Amino acid sequence: QVQLVESGGGSVQAGGSLGLSCEVSGYPYPDSSGCMGWFRQNPGKEREGVAVIPFGGNSTWYADSVKGRFIISQDNGQNTAFLQMNSLKPDDTAMYYCVAGYLKYCTGRYPSDFDYWGQGTQVTVSS
């Protein structure tokens with residue numbers, strides 16, 4: 001059974017920083033192939049890819065809205081990913097979901113590309 005356990009998030013004032021982490025267990029794909037990352041969503045709006053990184057790889061994908069402010073990384077064991085969020089804006093307020101899936105190219109363009117989703121953690125940025 002695949003599990004994605006998220007931690008972090010919370011509330012911060014604009015300009016501040018927060019961090020998220022996500023530990024993946026039971027991932028079924030051989031040799032840890034595929035990607036993991038985060039999407040975010042607000043009520044009544046579509047899910048938006050935020051940042052994605054391949055298992056065991058160094059290449060990263062970011063939404064244009066977070067480039068230069070957010071940093072995605074993973075631990076040496078490759079089963080935990082981290083999202084460092086800096087210079088936060090009120091527009092970053094959303095429920096953030098950790099995701100994992102088997103993709104040839106690791107991007108966050110399509111939520112349907114990801115088979116596994118975490119429970120979500122709230123990030124609130126006040127002005």
Side-chain angles (χ1 to χ4, degrees):
Q1 182 180 359
V2 179
Q3 287 189 316
L4 281 69
V5 179
E6 303 177 47
S7 60
S11 299
V12 68
Q13 289 190 327
S17 298
L18 287 172
L20 302 178
S21 65
C22 176
E23 182 177 3
V24 180
S25 61
Y27 190 65
Y29 302 115
D31 302 320
S32 297
S33 58
C35 319
M36 64 183 303
W38 276 268
F39 276 71
R40 64 187 182 186
Q41 187 175 28
N42 278 308
K45 294 189 176 181
E46 294 185 353
R47 287 173 290 183
E48 174 191 21
V50 177
V52 178
I53 190 168
F55 284 103
N58 295 322
S59 62
T60 55
W61 178 94
Y62 295 98
D64 288 343
S65 58
V66 306
K67 282 181 181 177
R69 300 188 297 121
F70 290 14
I71 302 171
I72 187 171
S73 61
Q74 58 186 209
D75 67 354
N76 290 335
Q78 303 169 10
N79 68 333
T80 301
F82 306 95
L83 186 66
Q84 179 64 36
M85 302 180 291
N86 302 316
S87 302
L88 283 160
K89 306 174 181 179
D91 284 348
D92 295 318
T93 295
M95 184 70 78
Y96 282 70
Y97 296 92
C98 180
V99 297
Y102 181 72
L103 292 80
K104 184 175 182 180
Y105 301 106
C106 293
T107 74
R109 293 189 177 92
Y110 306 108
S112 59
D113 285 342
F114 294 87
D115 298 318
Y116 305 102
W117 291 69
Q119 78 279 7
T121 185
Q122 180 68 36
V123 171
T124 302
V125 185
S126 58
S127 57

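Note that the numbering runs from 1 along the sequence shown for the chain. Keep in mind that what you see is a predicted model, and the values were worked out from it rather than measured.
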Tyr116 and Tyr27 aromatic ring geometry - parallel, tilted or perpendicular at 30°/60° bounds |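 Perpendicular: the ring planes of Tyr27 and Tyr116 meet at over 60°.
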
Look at the aromatic rings of Trp117 and Phe39 and report parallel, tilted or perpendicular, splitting at 30° and 60°.
->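 Trp117 and Phe39: tilted rings.
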
Measure the [atom1]-[atom2] distance between [X] and [Y] for me, rounded to the nearest 0.5 Å.
X: Asn58; Y: Ile53; atom1: CG; atom2: CD1; value: 7.0 Å
X: Phe82; Y: Leu20; atom1: CZ; atom2: CG; value: 11.0 Å
X: Glu46; Y: Gln41; atom1: CD; atom2: CD; value: 8.5 Å
X: Ser127; Y: Lys89; atom1: OG; atom2: NZ; value: 14.0 Å
X: Gln3; Y: Cys22; atom1: CD; atom2: SG; value: 11.0 Å
X: Gln122; Y: Glu6; atom1: CD; atom2: CD; value: 11.5 Å

Asp64 and Lys67: CA distance, side-chain angles, deciding distance, salt bridge (charged side-chain N to carboxylate O under 4.0 Å, His left out) verdict | CA-CA 5 Å; Asp64 288 343; Lys67 282 181 181 177; 3.1 Å; yes

Check whether [X] reaches the backbone of [Y] with its side chain - one donor and one acceptor, N or O, closer than 3.5 Å.
X: Gln84; Y: Ile71; answer: no
X: Thr80; Y: Asp75; answer: no
X: Thr93; Y: Val125; answer: yes

Linked, directly or transitively: [X] and [Y] (ILVMFWY side chains, under 4.5 Å):
X: Trp61; Y: Phe114; result: yes
X: Tyr62; Y: Leu18; result: yes
X: Val99; Y: Leu83; result: no
X: Val66; Y: Met95; result: no
X: Val52; Y: Leu4; result: no

Any side-chain heavy-atom pair of [X] and [Y] under 4.5 Å:
X: Ser65; Y: Glu48; result: yes
X: Leu88; Y: Phe70; result: yes
X: Asp92; Y: Met85; result: no

Residue pairs, two or more places apart or on separate chains, that pass ring pair (Phe, Tyr, Trp, His ring centres under 6.0 Å) and touch residues 91-112 =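 Passing the test, one end in residues 91-112: Tyr29-Tyr102.
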
What's the shortest heavy-atom distance between [X] and [Y], and which atoms?
X: Val24; Y: Met36; result: CG2-CE, 3.3 Å
X: Asn86; Y: Ser17; result: OD1-OG, 3.0 Å
X: Arg69; Y: Ser87; result: NH1-O, 2.9 Å
X: Ser126; Y: Pro90; result: C-CG, 4.5 Å

